[in-house]
Novice: 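Pasting a structure here, questions to come.
The chain is numbered in sequence order, starting from 1. Counting convention: from 1, in listed order, for ligands and their atoms alike.
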Amino acid sequence: MFADKDISKFNNIETPFYYYDTDLLQKTLSNCAEAAANYQFHIHYALKANFNTVLLNQIKAVGFGADCVSAGEVRRAVEVGFDHQKIVFAGVGKSDKEINEALDLDIFCFNVESIQELEVLNELAAKKGKTAQVAIRINPNVDAHTHHNITTGLDENKFGINSWDLPACADTLKASANLKFIGIHFHIGSQITNLDVYKNLCVRVNEFATWFEDKGFTLKVLNVGGGLGIDYYNPDHQIPDFAAYFKIFNDFLTVKPGQEVHFELGRALVGQSAALITRVLYIKNGKKKNFVVLDAGMTELMRPALYQAYHKIENLTRGAGTAVKYDIVGPICESTDCFGKEVEQPESFRGDVFAIRSAGAYGEVMASKYNLRDAIRSVYSSEI
Ligand SMILES: *Cc1c(COP(=O)(O)O)cnc(C)c1O
């Protein structure tokens, strides 16, 4: 529960809206930055998780770089003032237009996901008389043990270059005069809570690094991506255990002198810093089910509809009361527009304010206009 918040503050604000706790975000960022500094690790924040500029300004201020997956995100990072030389650009389908834009902005590194993309990037860089720094995104075939819709590092996934294509990839790199090969990149999935997965990743990274070094390449950058999960069941004051996470890489990754280790964290940095605040429109008590119909739905927070994601739901208006099981649904004309089934809540009434917790990552950024809904607004703890 938002124990330390005076929730009466929400009563006069039109719902639904994202409520950002910028103090918690600051604590999370500082904690991560300090833990990473112990090992001189480099952090790029994955804008994909949340590209709200208020948050980006805070994130930039702790010195992190940016991890982008579209030209739009690269542009946003530059606009907010991230150092161009701390911006990396990944993505399995970068268009020529996007590549050209990123070349013009002199970003730090393209994380390249196919041999054909290497060829196109080399050609486009040559046309501009530039040299593009590249890292190869390798698919390491490591199981992230996360939801199948958010795993990315297995042979059957579309991401990265598969190990059997690496000899051809090495040839292309050698033949590409306008590419500077600086390292290898991995990102095996999201919402990873079992840290052993990262031990397995380290073992694979060491193997691939040795393979490239044996071929005469020097790797300046080992980029191990992101994916560190958060505890959706216990959202209160929760800061992920960055110290334990970074220690795994310090213990298991072989880092040569002069080599840099880079990370791309999204969810772990912003996930707990927001809640979706919404009001009960209607209560429908049926024979088999009781429904709470909220004024927020999958158009505001899509994760439950998209991959059955769990979010803790709280009635902020009724602290205690008779417990009732409800299906908590939104107003959208889709049966999957449901935040939780058979969720126990105090007996709820029209007008009650609900919080859907841990909504800082992959929340606001996935909002859609479906059903021609109004754009979702944001409110910051520093404002109210
Ligand atoms: C999405 C993404 C990330 C961040 O993932 P999180 O699970 O939010 O930490 C990092 N790197 C790449 C390439 C991504 O696509």
Novice: Suppose we call two aromatic rings close when their centres sit under 6.0 Å apart. Are Phe82 and Tyr45 close by that rule?
Specialist: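 For Phe82 and Tyr45, the ring centres are not under 6.0 Å apart.
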Novice: Does Arg350 count as lying over the ring of Tyr282, i.e. NZ or CZ under 6.0 Å from the six-ring centre, within 45 degrees of the axis?
Specialist: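 Yes, cation above the ring, under 6.0 Å and within 45°.
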Novice: At less than 3.5 Å, what protein N or O atoms come close to the N or O atoms of ligand 1? Include the distances to 0.1 Å.
Specialist:
{"from": "ligand 1", "atom 1": "7 (O)", "to": "Ser190", "atom 2": "OG", "distance (Å)": "2.3"}
{"from": "ligand 1", "atom 1": "8 (O)", "to": "Arg267", "atom 2": "N", "distance (Å)": "2.8"}
{"from": "ligand 1", "atom 1": "8 (O)", "to": "Tyr362", "atom 2": "OH", "distance (Å)": "2.6"}
{"from": "ligand 1", "atom 1": "9 (O)", "to": "Gly227", "atom 2": "N", "distance (Å)": "2.8"}
{"from": "ligand 1", "atom 1": "9 (O)", "to": "Gly266", "atom 2": "N", "distance (Å)": "3.0"}
{"from": "ligand 1", "atom 1": "11 (N)", "to": "Asp67", "atom 2": "OD2", "distance (Å)": "3.1"}
{"from": "ligand 1", "atom 1": "11 (N)", "to": "Glu264", "atom 2": "OE1", "distance (Å)": "2.7"}
{"from": "ligand 1", "atom 1": "15 (O)", "to": "Lys48", "atom 2": "NZ", "distance (Å)": "2.7"}

Novice: Which of these, Phe186, Phe263, Tyr245, sits in a ring pair (Phe, Tyr, Trp, His ring centres under 6.0 Å) with Tyr198?
Specialist: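 The passing option is Tyr245.
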Novice: Clusters formed by hydrophobic residues whose side-chain heavy atoms approach within less than 4.5 Å: which one holds Ile115, and what are its other members?
Specialist: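 For Ile115, no cluster forms, as it stays isolated from other hydrophobic side chains.
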Novice: Kindly give the heavy-atom pair with the smallest separation between Arg137 and Phe159, and that separation in Å.
Specialist: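 Taking every non-hydrogen atom into account, NH2-CB, 3.4 Å.
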Novice: Do the side chain of Ser95 and the main chain of Glu98 share a donor and acceptor less than 3.5 angstrom apart?
Specialist: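 Yes.
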